[in-house]
Amino acid sequence: MIRVGLVGVGHWGPNVVRSLEGTGRAEVKQICDLNEAALKKIGERHAARTTTSFDDLLGDGELDAIAIATPVPTHFKLAKAALEAGKHVLMEKPLTATSEEGRELIRIADERGLVLMVGHVFEYNATIRALKDLINAGELGTIQYMSFSRTNLGPVRTDVNAFWDLASHDVSIMSYFLGEPPMDVTARGQAWLNKDVEDAVFATFGFASGALAHVDVSWLNPRKVRQITVVGDKKMAVWDDLALQHPIQIFDRHVELPDISDTYLEHKTAVVDGGVFSPSVRLNQPLAEECTHFIDCVENKETPQSDGRNGLQVVLALEAATASMRNASAVTPIDRA
Ligand SMILES: NC(=O)c1ccc[n+]([C@@H]2O[C@H](COP(=O)([O-])OP(=O)(O)OC[C@H]3O[C@@H](n4cnc5c(N)ncnc54)[C@H](O)[C@@H]3O)[C@@H](O)[C@H]2O)c1
């Protein structure tokens, strides 16, 4: 049994508590939050000891690991202290507020042989994994571009902008799909609700392969959308997280241009349409899968799929997008972790 302390039981933390314990191989022994009301609420449903002092978790020699689900600006300080106290860390996304902080956490975790894992939860989602398998198998052909939409009305954050909050998922997914991180980005966003905290951001990432990935994120949109379109030169795919029956649709469609194509009719006939099909995918609970993977890695001393370097690479992409937004949307290179 892996004994875990968890810090931060606001919106997301209680889900992590439930999912860790749901593995049957972890006990959440202590829960910390600065907010007494949040602690009282979780204390009514859970047997763990509750505390407002993070030092109680650091000083508990029985804890193997600490899970962190607090706002992004607190991630570095809490994770550094946890690693220095010899605890494995499961960190909510994004890893840190800066790449410098991310590098420091990786260094400490490596030095001490500790697991540092980031909760890039979509990398543990069965439907995202199924789509990656199709891409890897060449089912879509060469990937030309991808388009990501992640919108909703709220929740509005103030610790990070909509890009750091929402697009951290999309950057992790696009890199997972293509097996490489994006190499550059151009981004534009606007803040209306809170000064300097962009509510909507549009960004386009470029990959060394020539593929593009457009990301559209907003917490100021009337519709909840969680969609990805992947366009290959053989087939195209649409993933819709909210379409529970058929989350993945494969469109057997592409364009075959004749040698000479100067009329509309010729162009029209160049579209090859073999229909649409939906592969059946057994749905899973991605957060439960993520927590199981964390426990596996702690028990077997293995490197997680979404390890510190994977998390740092996402932070580097988010940083480059921010730099682009602050510099008239200039195409900005993304450093490698
Ligand atoms: N994977 C996902 O889909 C997903 C979804 C939502 C949030 N998150 C991530 O989870 C983290 C938390 O987000 P949230 O929406 O739950 O935020 P939240 O503001 O609802 O909750 C954060 C909690 O942390 C507590 N806290 C803040 N600083 C603290 C400190 N120094 N010590 C102890 N407690 C402290 C606050 O009192 C609050 O209860 C963020 O990193 C966010 O990106 C991930």
Side-chain angles (χ1 to χ4, degrees), residues 2-23 26-46 48-58 60 63-83 85 87-97 101-102 105 109 114-125 154-160 164-166 168-169 172 219 285-295 297-298 304 306-308 310-311 314-315 318:
I2 299 296
R3 278 151 303 188
V4 185
L6 181 131
V7 56
V9 274
H11 167 67
W12 190 248
N15 298 332
V16 182
V17 173
R18 198 173 48 247
S19 298
L20 279 167
E21 296 232 312
T23 64
E27 179 199 354
V28 178
K29 207 176 150 253
Q30 290 214 51
I31 296 176
C32 169
D33 200 296
L34 298 178
N35 181 334
E36 298 267 11
L39 280 182
K40 185 165 178 290
K41 202 167 153 200
I42 193 95
E44 283 162 5
R45 285 177 283 142
H46 202 279
R49 177 174 182 267
T50 57
T51 175
T52 53
S53 167
F54 189 57
D55 284 343
D56 286 349
L57 274 58
L58 298 176
D60 184 341
L63 291 187
D64 303 294
I66 292 184
I68 301 174
T70 54
V72 183
T74 66
H75 284 187
F76 174 67
K77 197 173 159 213
L78 295 171
K80 182 169 189 277
L83 292 168
K87 316 293 187 197
H88 304 283
V89 168
L90 174 60
M91 172 64 88
E92 254 321 312
K93 59 82 204 165
L95 175 63
T96 46
E101 292 175 348
L105 294 186
L114 293 166
V115 172
L116 171 62
M117 173 165 156
V118 193
H120 286 310
V121 67
F122 285 91
E123 295 183 28
Y124 303 92
N125 179 311
V156 176
R157 305 189 72 97
T158 52
D159 58 332
V160 286
W164 280 72
D165 185 34
L166 302 170
S168 48
H169 289 307
S172 111
W219 54 45
Q285 293 195 1
L287 185 57
E289 187 77 26
E290 176 195 306
C291 288
T292 301
H293 183 57
F294 177 67
I295 300 300
C297 289
V298 169
S306 52
D307 66 348
N310 172 314
V314 170
V315 170
L318 299 174

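Being a predicted model, the structure only gives us computed values, none of them experimental.
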Glu123 and Asn310: CA distance, side-chain angles, deciding distance, side chain to side chain donor-acceptor pair (under 3.5 Å) verdict: CA-CA 11 Å; Glu123 295 183 28; Asn310 172 314; 3.2 Å; yes

Whether Lys29 side chain and Ala48 backbone form a donor-acceptor pair below 3.5 Å: no

Candidate pair Glu44 and Lys40, rule salt bridge (charged side-chain N to carboxylate O under 4.0 Å, His left out), full reasoning: CA-CA 6 Å; Glu44 283 162 5; Lys40 185 165 178 290; 3.4 Å; yes

Under 3.5 Å donor-acceptor, Asp33 side chain and Leu39 backbone: no

Main-chain N/O of Asp56 paired with Gln30 side-chain donor or acceptor, under 3.5 Å: yes

Whether Phe122 and His169 hold their rings parallel, tilted or perpendicular, with breakpoints at 30° and 60°: perpendicular

Any donor-acceptor N/O pair, His75 side chain to Thr96 backbone, under 3.5 Å: no

Arg3 backbone acceptor or donor facing Asp64 side chain under 3.5 Å: yes

Side-chain (Thr74) to main-chain (Pro71) donor-acceptor, under 3.5 angstrom: yes

Value rounded to 0.5 Å, distance of CG in Leu57 from OG1 in Thr51: 7.0 Å

Residue Gln285 excluded, over 12 heavy atoms near CD under 6.0 Å: no

Backbone N/O of Ala97 and side chain of Glu101: donor-acceptor pair under 3.5 Å: yes

Lys87 (side chain) donor-acceptor with Ala67 (main chain) under 3.5 angstrom: no

Value rounded to 0.5 Å, distance of CD1 in Ile295 from CG in Leu20: 5.5 Å

Spacing of CG belonging to Leu6 relative to CD belonging to Glu92, to within rounding of 0.5 Å: 9.5 Å

